[in-house]
Amino acid sequence: MTTSRAETWTTPGDAHPVSAVLAQLDTLVAEGLATSLLGLDEAAAAEALQAVTAVEARLVALRSRITAQAEAVGVGTESGTRDAGAWLAHTSRLSVREARRRSRFAASLGRWHGVAGALADGHVNAEQAEVVMRALDRLPGDLDEGLVRRAERHLLDEAQDFGPRELRVLGDRLLHVVAPEIAEAHDAKLLSDQERAAWERADLWLADDGQGSTYGRFRIPSAQGAALRKALHALAAPGQKLHGDEPAVREPGASQPYRFRMGQAFCELLDRIPADALPDAGGASATVVVTMTLEQLLDRDGGAAATLDTGERLSASDARRTACEAGLVPAVLGGHGQVLDLGRQRRLFSKAQRLVLQRRDRGCTADGCDAPAGFCHAHHDRPWSRGGPTDLGNGRLLCGHHHRRIHDPAYDSEVVAGNQVRFHRRT
């Protein structure tokens, strides 16, 4: 005979009454699981489904009360765990994230008694309760207590007709219902705070997989996200021809996921950014330099790889294609692998010359400095004022710090192996 969980549940005589209730509940649930559902027709199944959903909500309310009490009495202290949430994650094999979420939910129910009561009565489910409490938490901290309770009752009334998604929308307009006279000013401040926080949290991370692809993740403010989404949708729309498209473009719902089409649209968007629309970095625009031999440039059937100034490699055919796009410049090598001089006879290095210097030097040429090329200045080894030409043979990249140092009379400098500049303080 199989032993049920209810038969293994022990309740000592001096146990708290809630332990006896939970033991009885465990027995009833075990009996329900053992009951055959054969003959449960559509109407009965619908009724049972609604009933079990209500019971589930009441169980969440009970669990939250116990969770709050466990936090209060320091469950987990004896075993040395950080708090009751960490103890629960370890002993119940929950994820720490879920255990923390339960702790936060219980704490919120402790603040919003109306929501707690509705959940305990089975009038709202846990998902609805969470949405309602988040909306209430966003109300101004100095709002009159009567208006706060009115707001709580309003959302709980709406929860009888609407699910979490609709309640989220209603929650965003909650202050307009209970205090319209201050709602506009509050919304304006809230939006301003959100936009500033979103800008400060904006981040982007990229990595190369070593197999021809770059992957990453990003977080940007909603306004820029909407602009990016609209641009990608325009490029990914059926009928738009992207580089490398097959004759028949798959639409959303087809066998190829539409996100692949969006990924190709993102590549197309980057290819279409004009170089003159971007700010300069180290005196040269944010331009990718494709390095290839003259033979590769002229031989349309050539298959040898070309190299970007950032170090990545790509096929010669793709290099020829991208070299035609705005923002990509071919740095063509001569027969001995030397870059053809793109400079002009003038005092300041041209943008073309700076691009070649960035490709050649890769960064600051001061010995031991790792400043990237985009942070560097173009420097004349032999000063132009003393007859030094503005050409690549007389130029090098130096970061701002070392460019100032090379002109500092307190230091001497010399070019050592690897075209590196080494400094010595004069004595």
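Note that the structure is a prediction, hence the values are computed from the model and not measured.
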Pairs where residues 197-224 contributes a residue and the test ring-ring contact (aromatic ring centres under 6.0 Å, His included) is met, not counting sequence neighbours: W205-Y215
Under 3.5 Å, is there a donor-acceptor pair linking the side chains of R396 and T365? yes
For F423, what residues pass the ring pair (Phe, Tyr, Trp, His ring centres under 6.0 Å) criterion, not counting sequence neighbours? H402
Counting only heavy atoms not in R93 (residues, nucleotides, ligands), do more than 12 fall under 6.0 Å from its CZ? no
Is Q353 reaching over with its side chain to a backbone N or O of T390, donor-acceptor style, under 3.5 angstrom? yes
So with a 6.0 Å cut-off around CZ of R65, is the heavy-atom count from everything else above 12? no
Distance col, row R354:CZ vs C376:SG, nearest 0.5 angstrom, shows 10.5 Å
Does a side-chain heavy-atom distance below 4.5 Å link V115 with L155? no
What are the two closest non-hydrogen atoms of F349 and A378, and how far apart are they? CD1-CB, 3.6 Å
Search all heavy atoms of L397 against all heavy atoms of G363 and return the closest pair with its distance. CB-O, 3.5 Å
Applying salt bridge (Lys or Arg N to Asp or Glu O under 4.0 Å) as the test, list every pair that has at least one member in residues 124-133; sequence neighbours left out. R101-E130, E130-R134
Quick one: closest heavy-atom pair of L94 and R102, and the distance? CD1-NH1, 3.6 Å
What are the two closest non-hydrogen atoms of A179 and L143, and how far apart are they? CB-CD1, 4.4 Å
Tell me which pairs pass ring-ring contact (aromatic ring centres under 6.0 Å, His included) where either residue lies in residues 100-125, with sequence neighbours left out. none
Scan residues 163-176 for pairs that pass side-chain hydrogen bond (donor to acceptor under 3.5 Å, both in side chains), counting only residues two or more places apart or in two chains. R138-D172, R173-H176, H176-D187
One should read off an interatomic distance between S413 OG and H407 NE2, to the nearest 0.5 angstrom, of 9.5 Å
Using only atom types and a distance under 3.5 Å, with no angle test, would you say the side chain of Q128 pairs donor to acceptor with the backbone of N125? yes
Check ring pair (Phe, Tyr, Trp, His ring centres under 6.0 Å) between H154 and all other residues, then give those that pass, not counting sequence neighbours. none
Looking at D367, is its backbone amide N or carbonyl O close enough to the side chain of R422 to form a donor-acceptor pair, meaning the two atoms are under 3.5 Å apart? no
Salt bridge (Lys or Arg N to Asp or Glu O under 4.0 Å): pairs with one or both residues in residues 31-57, sequence neighbours excluded: none
Should L398 and I406 count as side-chain neighbours, where that means a heavy-atom distance under 4.5 Å? yes
Going by the rule side-chain hydrogen bond (donor to acceptor under 3.5 Å, both in side chains), which residues pair with R111 if we only count those two or more places apart in sequence or in a different chain? S108, D137
Please say whether more than 12 non-hydrogen atoms of neighbouring residues, nucleotides or ligands are located less than 6.0 Å from CG in D193. yes
CD on Q264 to CG on L232, rounded to 0.5 Å: 12.0 Å
Test side chain to side chain contact (heavy atoms under 4.5 Å, CB included) applied to L88 and V75, step by step: CA-CA 9 Å; L88 180 64; V75 167; over 6 Å; no
With sequence neighbours excluded, what pairs up with S64 under the side-chain hydrogen bond (donor to acceptor under 3.5 Å, both in side chains) test? none
Inter-residue atom distance R405.CZ - D412.CG, 0.5 Å rounding: 12.5 Å
Look up atom CD in E152 and atom CE in M133, then write down how far apart they are to the nearest 0.5 Å. 9.5 Å
side-chain contact (heavy atoms from CB on, under 4.5 Å) partners of A57, counting only residues at least two apart: L119
Which heavy-atom pair separates A202 from I220 by the least distance, and what is that distance? CB-CA, 4.4 Å
Do the side chains of L170 and V177 get nearer than 4.5 Å, heavy atoms only? no
State, with a plain yes or no, whether a side-chain heavy atom of L175 is found less than 4.5 Å away from one of L147. no
Sequence neighbours excluded - salt bridge (Lys or Arg N to Asp or Glu O under 4.0 Å) pairs with any residue from residues 213-233: D203-R219
T67 and R63: CA distance, side-chain angles, deciding distance, side chain to side chain contact (heavy atoms under 4.5 Å, CB included) verdict: CA-CA 6 Å; T67 299; R63 183 193 71 198; 4.1 Å; yes
Heavy-atom closest contact (A86 atom, R100 atom, distance): N-NH1, 3.4 Å
Any residue meeting side-chain hydrogen bond (donor to acceptor under 3.5 Å, both in side chains) with E71, in chain and number order, not counting sequence neighbours: S103
Is there side-chain contact between L62 and L22, with at least one heavy-atom pair below 4.5 Å? yes
If I take atom NE2 from residue H377 and atom SG from residue C364, how far apart are they, to the nearest 0.5 angstrom? 10.0 Å
Whether the side chain of R360 engages the backbone of L392 through a donor-acceptor N/O pair (distance < 3.5 Å, no angle test) should be reported. yes
